[in-house]
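These notes are about the structure you will find just below.
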Amino acid sequence: MSFSAALSSTPSHLITLTSSLPSTPPLSLRFPFTFTNPITQFHSFSTRSQTVLLKSKATTPSSSESVTVTHIPSDMKAWVYGEYGSVHVLKFESNVAVPHVNDDQVLVKVVAAALNPVDFKRRQGKFKATDSPLPTVPGYDVAGVVVKVGSKVKEFKVGDEVYGDINEKALEGPKQIGSLAEYTAAEEKLLAPKPQNLDFAQAAALPLAIETAYEGLEKTGFSPGKSILVLNGSGGVGSLVIQLAKQVFGASRVAATSSTKNLELLKSLGADLAIDYTKENFEDLPEKFDVVYDAIGQCEKAVKAIKEGGIVVALTGAVTPPGFRFVVTSDGAVLRKLNPYLESGKVKPILDPEGPFTFAQLVEAFSYLETNRAIGKVVIHPIS
């Protein structure tokens, strides 16, 4: 198959990167788990193994992870679709051209990627009028190692660990070569240094979701002392809205909805009130909120749960005034701003317990995501 991207002419070289994993357990949560001794539970998720071009050595939380890239090839492995449709249009290819790097871009050796609803909506042709030309390598979220930098790049150098959402505008001309490949190119302004305490899989779970959570809260004018209700608090975006509202924006009260099995998750993330949507209707509760963050598509009900002068931000579904919808803009500056909260453990990535899925399991991973039953983020790791 052919891509418009040119073959990379980068000469062979060796890049070795060593980073310290935390001496304390990783900060991502996986469910189900018990809350009596969460530290013990977290220890079992501290290691990742990578083969082929990336060699990982991490057997305990205090060990170091060494990533080695031997060279940049002209072709790479990637998942591709040449027509819109179901998961069955996805094909694994081993001869996709490594993307050309523009002056303001870096080339990233992808270690981990995450899936988002926008990925399958794009594949289904929901916004084909503004999409980039087919064939497409999907993927927005990436975590990996910089292996080449453009002439105008100032913030990153070869060997840096980075993460980000590689598409500045999610629905307007997203890149033809996404993150579900061995290599991807992205503008430096869209990336940030990977938080030092997170491994690549944990970091990959964050960019699009945490930027969506943050931008939505900003657009509502959320400020200290306000209250918020988060619909689908156990989802990829919702789980981060809870944490950001509490830890970054200074919410006075956070409520969130989920099914029965995820109520403890909501509380662990900082929700003061966990609402079981299978047993009660949030819109009928006497308590009302300054903001409702609708991450599930129930705006018509959400507007009944706001105080006078309140506002609803909706990510999907029909919008009922005073609700509004927005499409996230990828911005590495937002990730940099939030890195201290991630590195301190005040904000944590949530990875679905079914994963990470391997690169070969991508179709299975998408099928699972499209059931709408995922908790947190569905992550692909390792990518090789």
Side-chain angles (χ1 to χ4, degrees), residues 17-30 38-39 42-43 45-48 50 54 56 58 60-67 106 108-114 116 140-146 155-157 159-166 179 184 186 188-215 236-237 239-244 246-249 268-270 328 330-352 355-356 376-377 379-383:
L17 170 69
T18 301
S19 63
S20 295
L21 289 174
S23 56
T24 55
L27 297 174
S28 67
L29 303 178
R30 293 168 185 255
I39 297 299
F42 295 168
H43 269 291
F45 302 113
S46 63
T47 62
R48 296 289 184 273
Q50 206 39 1
L54 297 181
S56 175
T60 68
S62 60
S63 66
S64 63
E65 183 177 16
S66 178
V67 178
V106 300
V108 177
K109 175 64 184 78
V110 182
V111 182
N116 294 281
Y140 285 67
D141 288 328
V142 67
V145 180
V146 174
E155 298 295 328
F156 297 114
K157 63 184 184 302
D160 285 348
E161 297 179 343
V162 296
Y163 76 129
D165 170 4
I166 68 169
S179 59
T184 195
E188 73 168 328
K189 68 179 181 179
L190 306 183
L191 303 174
K194 181 179 73 66
Q196 295 181 5
N197 60 317
L198 301 183
D199 63 27
F200 288 104
Q202 294 163 336
L206 288 164
L208 189 148
I210 203 168
E211 290 174 340
T212 301
Y214 183 87
E215 187 175 342
V237 173
S239 61
L240 289 162
V241 174
I242 294 171
Q243 297 180 78
L244 295 186
K246 198 83 166 186
Q247 299 295 337
V248 180
F249 287 83
S268 75
L269 296 176
V328 65
S330 177
D331 186 357
V334 170
L335 298 178
R336 289 175 183 270
K337 181 177 182 177
L338 297 176
N339 270 358
Y341 295 93
L342 293 162
E343 292 181 337
S344 68
K346 291 181 178 179
V347 177
K348 307 171 179 64
I350 308 299
L351 279 68
D352 188 275
K377 293 301 296 292
V379 173
I380 307 299
H381 176 271
I383 293 198

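These numbers come from the heavy atoms of this one structure, side chains and all, not from hydrogens, waters or symmetry mates. Keep in mind the model is a prediction, meaning the values are calculated, not measured.
Considering every non-hydrogen atom in both R336 and A192, the closest pair reads CG-CB, 3.7 Å. The shortest non-hydrogen separation linking H381 to A112 is CD2-CB, 3.7 Å. The minimum heavy-atom distance between K348 and Q243, with the atom names listed, is N-OE1, 2.6 Å. Across every non-hydrogen atom of Q247 and K346, the tightest pair is CG-O, 3.4 Å. Nearest heavy-atom pair across A213 and V241 is CB-CG2, 3.5 Å. Closest approach of S179 and I383 over heavy atoms only: O-CD1, 3.9 Å.
Checking side-chain atoms of E188 against main-chain N and O of E155 turns up a donor-acceptor pair under 3.5 Å. Panel note: side chain T184, backbone V108; no donor-acceptor pair is recorded below 3.5 Å. N116 contributes no side-chain N or O that, together with a main-chain N or O of A209, makes up a donor-acceptor pair within less than 3.5 Å. No side-chain donor-acceptor contact under 3.5 Å links E211 to the backbone of V328. Side-chain N or O atoms of D165 include none that pairs as donor or acceptor with a backbone N or O of P207 at under 3.5 Å. In this structure, Q202 contributes its side chain and D199 its backbone to a donor-acceptor pair below 3.5 Å.
At a threshold of 4.5 Å between non-hydrogen side-chain atoms, the residues K337 and Y214 count as touching. With contacts defined as side-chain heavy-atom distances shorter than 4.5 Å, the pair L206/L198 qualifies.
Atom OG of residue S239 and atom CG of residue L351 lie 10.0 Å apart, to the nearest 0.5 angstrom. Of the inter-residue distances, the one linking D141 atom CG with L208 atom CG reads 5.5 Å to the nearest 0.5 angstrom.
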Practice item. Under the side-chain contact (heavy atoms from CB on, under 4.5 Å) rule, what do L240 and T212 come out as? Steps first, then yes or no, please. Key: CA-CA 9 Å; L240 289 162; T212 301; over 6 Å; no

Review point. Can F200 and V145 be said to form a side-chain contact (heavy atoms from CB on, under 4.5 Å), step by step?
Key: CA-CA 10 Å; F200 288 104; V145 180; 3.9 Å; yes

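For E215, the salt bridge (Lys or Arg N to Asp or Glu O under 4.0 Å) criterion is met by K219, not counting sequence neighbours.
Across I242, L338, I210, a single residue satisfies side-chain contact (heavy atoms from CB on, under 4.5 Å) together with V347, and that is I210.
N339 and K194 share no donor-acceptor pair across their side chains, judged by distance under 3.5 Å alone.
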